[in-house]
Structure formats: C-alpha cells, structure tokens
Amino acid sequence: MYNYTTDQLQDLDSKHYLHPFTDHKKLADERSRIITRADGIYLWDSDGNRYLDAMAGLWCVNVGYGREEIAEAVNQQIRELPYYNSFFKTAHPPAIELSRLVCSLAPAHLNRVFFTGSGSEANDTVVRMVRFYWSLKGLPDKKLIISRHNAYHGSTVAAASLGGMQTMHAQGGLPIPDIDYIGQPYWYQDGGDLFPEEFGEKVADELEQKILELGVDNVAAFIGEPIQGAGGVIIPPSTYWPRIQSICDKYQILLVADEVICGFGRTGKWFGSDYYEIKPDLMSIAKGLSSGYVPIGGVLVSDEVASVLIEEGGEFNHGFTYSGHPVAAAAAIANLNILRDEGLVDRVDTETAPYIAEKWQQLTSHALVGEARIVGLIGALELVKDKTTRQFFDDRGAVGTLCRDICFDSGLVMRAIEDTMVISPPLCITREEIDELINLVIRCLDQTAKQIQ
Ligand code: PXG
C-alpha cells in the first residue's frame, strides 16, 4: 500500500516513530522488522518472511487475522456514521447493540458497560468509579485500591500506578497516592518449599493482612488479572481466587477483575472470572473485545454498583471522545458474533486447550524448561539454570531474549518476559497449527540450549 522499500521504511521509522516500550538507541542499530500483512495465525514481513504469531498480536487477535466480516462491518459503519458521541442525551445503534451483546456474554450480575478506547482507560475509569461509588455510600475515605507487585494494568498515569511494575513507577513519578500492593501468586519463583495450593492461600492471605493494616474503612477495592499476562503468565494455584473472593466478601471490598487479556475466550471460558468462578463487581475489558482490529475497551459494572451510581450519583464527570465509538463498536460486534457463532470459545475449552496442554507439558522434558504451565490458550515456559532446584539464570532475562530472537528468526513469534517464554495464540488455531507451533518451539529451545553451552 505504501511505496517504500524495507530500507526506506526502517530509515523513516528510526527518524520519526517513537515506539511504545522501546530503547530507541538500541533499535536504531538493530532496526525494526516491518510487518506488512497477516492472515489467520500468520504474519508476513516486508521481505516476505512468514511468522506463526503465537502471541495473537499483543494478546488480542482472538479470532485471528483477516476476518472479512469485521472489515465489512467497519466499512459499512464508516460510510453510514463514522463518528458520533453519546454525551448529550444521544446514542447510536452500534454502541447500544454492543452494550447488549457484551452484557449478554458477561456473568449474569454484570448488566451495564462503560466504553473506553483502551484497557488503560478502562482501568483509569475503574479508579474513579470505585472511589465515586464509596463516596456516594457516605464512605469517602474508602479510596485505597490494593493491587499486586508485577501486575500490569496499563500505561496511563492511573493504570500504571495500579500496575505493580517497578520499572514503570520509576519513570514519571508514579504511583499516584492511595494505591498499595501485595505479593503475586507466582509459585515457581516465590513458592519455596510450599505446595502450590498452600502458597496460593498464603499470598491470598496477604490481602487480608493489607486490609487490616490499612484499615477496612480506607480500602475501596482489590484489582487483579485472573491470570497475569505481561507479568509472565502467572497462573495462580487453585486455592488463590476462592480465598481472594472470600476476603473481599468478608470485608466488603469491591473486587475488580482486569479481564483485558483473559476476557473473550482466552481461558476457554468467556471470561477469566468464569474460569475461576469469581464474582467481580467490576470487570475491565479491551483487546479480545474487538480482537484488536479497532481500539476499544470498557468497564462492566455489577447491578449493585450500577444502582448506586445511577440512583445516587447524578452526573459521572468522566468520558472520552471515543467512548462507544461507532466504528469500534461495529468491529467489536462483528468480532463477538464470530467468537459466539463459530463456537470458538467452546472449541478452545473442549478441543484445542486439552490438545495443546498435553504437548506443552511434554516440553518439561527439555533441559532448559523448569516448568510448563498453560490454561486455555495462554501459557508459559520457565527457562532455568537448574530445574531440580528451580534456580533461575544469574543474568535474568538474557536467555529469554536470546530465545525470543531465535524464535523470530525461525518464523515464530513467542514473547520473552525475563526468562519466561509466553504464548497466547489466536483462538482459531487448529490442531495442525498447534503441532507446527510445538515443533517450532522445540526447535528454538534446542537452538537456545546449543548457543548458551
Ligand atoms: N490490563 C491488562 C491486563 C493488560 O494486559 C492493559 C490493561 C492495558 O490495555 P491497553 O489497551 O491500554 O494497552 C493491558 C495491556 C506486554 C504488553 O508487554 C501487554 C499489554 C500492553 C502492552 C504490552 O505483554 N497489555
């Protein structure tokens, strides 16, 4: 579509384009890989190389690339009504229909949705909403939000503050006040001699200790990703979420599930909250809502919270130009219809997840792999120095980066988070494509092992 050579694109890229989460000095030497097209689970670069995209873009292209139905819906909507807002007693059919559809798929007690342009904006909305809720209940001191170290909730000021990433807090004077953190349920790294189930209860109990330390009258909510994604696909022990739920219930703290990655089928259920059988008061959504075709996010709100906001709140002074954007809503509707009508979520649950799980588990026989964990189609491999003692490499992250680069050069997109290799492939992936994915992973692990010898 654009008449440039790869070289020209790379030159212009390094001259003008500031990338997200990127060291530009390094990138100027290494140069960007230019991705030009995609279909199904595959990407192609400007030199014609093909890659199996085991990350579904950035954990988002749930239906896979190249779906005509979404292109058609977007095309039609742009022609009919490319933009209008819902601020001043107006609305439009796509935003209304998407609200209905999303609420019909969500847990039964979540029947209202506020739309945003991204997952970060969704979590910013959560911060304001939970604090507004408690002030309406006559408890304005309940404004502290408890999150977890190594959580990822986005990159805006409030969302990055909710997140527990030290490297993000270190830049730009974060976190904002009234956010606190407890440990993460990362058994492989932190579990020591405990069984995973014991460890799950122990870290969940940190929530109770934190609530008591801060004073229950000061705590508004707890927020967590059902499975942490960007933190390294941390799949909590089975005891973790039931204990968190019961602590939130006991102290009447709002439970916020950040479903930006887990939502829309990633775990084989519609939401991570369905998978773990938790009952969140609010749910942040984005990514799989539109399979990333057009940016859109949102917050699903429980009947109880919505009733207070609506009955007592008057105007909620919050909203975005692009809240409920008609084109994004049209893309999301087409996307959700594909997920539902093609039974993709059920197919993950009953067919592809069990199929990949068995093969994934077998990867633990590889010398580098200390643990292989997977739920639905979100999984991780821990690359370690010594698997008998769960000892990580000394220069943490170096082997992961090497493996990631080998993967790219071998036609596989698999992300490294320190030395944890993670996958989150499109939900449309077939058994044959899973075979191909696993074979590529084995080949890349072998090469990584060879190079570090
Ligand atoms: N919550 C979660 C759980 C996320 O994973 C966000 C919120 C923010 O969404 P937006 O749409 O504002 O990006 C995310 C985003 C990574 C990576 O390196 C992950 C995300 C974003 C960028 C990089 O894995 N997740």
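A quick note: this is a predicted structure, and the numbers were derived from the prediction, not measured. Atoms within each ligand, like the ligands themselves, are counted from 1 in listed order.
- Sorted by first and then second residue, the pairs that involve residues 151-177 and meet ring pair (Phe, Tyr, Trp, His ring centres under 6.0 Å), not counting sequence neighbours, are His169-Tyr181.
- Within 4.0 Å of ligand 1, the residues that place a heavy atom are Leu58, Trp59, Ser118, Gly119, Ser120, Asn123, Tyr152, His153, Gly154, Glu225, Ala230, Asp258, Val260, Ile261, Lys287, Arg415, listed by chain and number.
- When only modelled atom types and interatomic distance are considered, Tyr51 and Asp45 share a side-chain donor-acceptor pair under 3.5 Å.
- Trp187 carries Arg390 over the face of its six-membered ring, with the cationic atom under 6.0 Å from the centre and within 45° of the normal.
- Phe21 and His19 have their aromatic ring centers separated by at least 6.0 angstrom.
- Every ring pair (Phe, Tyr, Trp, His ring centres under 6.0 Å) that Tyr83 has, sequence neighbours left out, goes to His325.
- Residues meeting the ring pair (Phe, Tyr, Trp, His ring centres under 6.0 Å) test with Phe87, sequence neighbours left out: none.
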